[in-house]
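Chain letters run A, B, ... following the sequence lines, proteins first and then strands; every chain starts at 1.
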Amino acid sequence: MSWRDQLWQYCANPENFPTIVVKYDNDYVAINDQYPKSKKHFLVMPRKRIGLKDLTKQDIPMILEMEKMGSSLIQDNQEFKMGFHAVPSMNQLHLHVISVDHVSTCLKLKKHYLSFTTDFFVPVDTMIDLPSIDIEKYEALLKGKLVCHHCKQEFKTMPKLKQHLEEIYK
DNA sequence: GTTCTAGAAC
DNA sequence: GTTCTAGAAC
Ligand SMILES: Nc1ncnc2c1ncn2[C@@H]1O[C@H](COP(=O)(O)O)[C@@H](O)[C@H]1O
């Protein structure tokens with residue numbers, strides 16, 4: 001199995017991963033991201049095999065159901081964001097449901113941080129318009145400056161940014 | 001996506 | 001000398 005297909009196993013056999021799968025029904029699965037990029041980080045997926053590039057108008061209700069399962073995982077008073085990476089690495093369609101802190105040991109690279117804090121992160125409401133994705137344009141966003149999403153301060157290295165995030169979200 | 005690690009940057 | 005980033009992985 002290619003590493004790009006690793007998320008599919010949770011959709012095909014959710015009962016085989018009781019410590020990773022947090023919720024599932026006939027059509028959708030929610031898991032704990034195995035390399036969380038915040039204190040809380042879930043992925044919600046449809047159980048049918050489908051990728052971001054396959055989405056059509058007919059899939060809009062499915063996207064909204066994914067959002068619904070995402071909402072069911074979080075409390076009203078918690079600060080989360082929900083969206084898709086414009087250019088995902090993993091093939092199976094997955095909605096990121098992630099707390100806004102970005103405090104996590106798995107957050108290591110500049111592109112990790114920028115993939116959640118720039119337009120590379122496409123919210124559900126934008127995705128249901130089925131935007132055409134210019135891959136080069138979106139990948140360029142991952143090479144931008146490191147700016148704290150909370151207070152707009154710029155940092156020269158990831159360790160400095162991470163230290164800052166730990167302070168504001170402690 | 002991650003791991004590993006060479007060599008750039010400090 | 002240590003910290004940090006970035007490119008290969010068959
Ligand atoms: N084996 C895995 N099991 C669960 N989640 C994973 C696995 N490998 C990668 N991930 C997560 O899957 C997400 C894929 O991100 P992306 O394709 O950029 O939207 C990332 O948040 C990874 O941390």
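Counting only heavy atoms from C-beta on, A/M158 has its side chain closest to C/dT5 among B/dG1, C/dT5, B/dT3. Distances from the side chain of A/K108 to the nucleotides C/dC4, B/dT3, B/dT2 place B/dT3 closest.
Atom NZ of A/K143 is separated from atom C1' of C/dA6 by 10 Å (rounded to the nearest Å). One can place NE2 of A/H94 at 9 Å from P of B/dG1, the figure rounded to the nearest angstrom. For the pair A/L109 CG and C/dC4 C1', the computed distance is 11 Å after rounding to whole Å. B/dG1 atom C1' lies 12 Å from atom CD1 of A/I31, rounded to whole Å. In this structure, A/F155 places its CZ atom 14 Å from P of C/dC4, rounding to the nearest Å. Whole-Å rounding puts the A/L142 CG to C/dG7 P distance at 13 Å. Counting to the nearest Å, the C1' atom of C/dT5 and the CG atom of A/L161 are 15 Å from each other. Rounded to whole angstrom, the span from the OH atom of A/Y10 across to the P atom of B/dG1 amounts to 15 Å.
Among the protein residues, A/P88 comes within range of no part of the nucleic acid, since none of its heavy atoms lies under 4.0 Å from any strand.
Neither side chain, A/H112 nor A/Y35, offers a donor N or O lying under 3.5 Å from an acceptor on the other.
Stacking of A/K40 on the aromatic ring of A/F80 is not recorded, the 6.0 Å distance cut-off and the 45° axial limit not both being met.
A stacking contact between A/Y35 and B/dG1 is absent: the pair does not combine a ring-centre distance of less than 5.5 Å to the base's six-membered ring with planes differing by less than 30°.
The closest donor-acceptor contact from the side chain of A/K57 to the backbone of A/I128 lies at 3.5 Å or more, if one exists at all. Of the possible polar contacts, one joining the A/Q9 side chain to the A/Q6 backbone as a donor-acceptor pair under 3.5 Å is found.
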**OP:** With salt bridge (Lys or Arg N to Asp or Glu O under 4.0 Å) as the test, would you mind laying out the steps for A/E154 and A/K156 before giving the verdict?
**Re:** CA-CA 7 Å; A/E154 186 183 339; A/K156 287 299 176 197; 3.2 Å; yes

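A close approach under 4.0 Å does occur between a side-chain nitrogen or oxygen of A/K37 and OP1 or OP2 of B/dT2. Taking only side-chain nitrogens and oxygens, A/H85 never comes nearer than 4.0 Å to OP1 or OP2 of B/dG1. The shortest distance between the side-chain N/O atoms of A/K160 and the OP1/OP2 oxygens of C/dT3 is not below 4.0 Å.
Using the Watson-Crick or G-U wobble rule with both distances under 3.5 Å, C/dA8 pairs with B/dT3.
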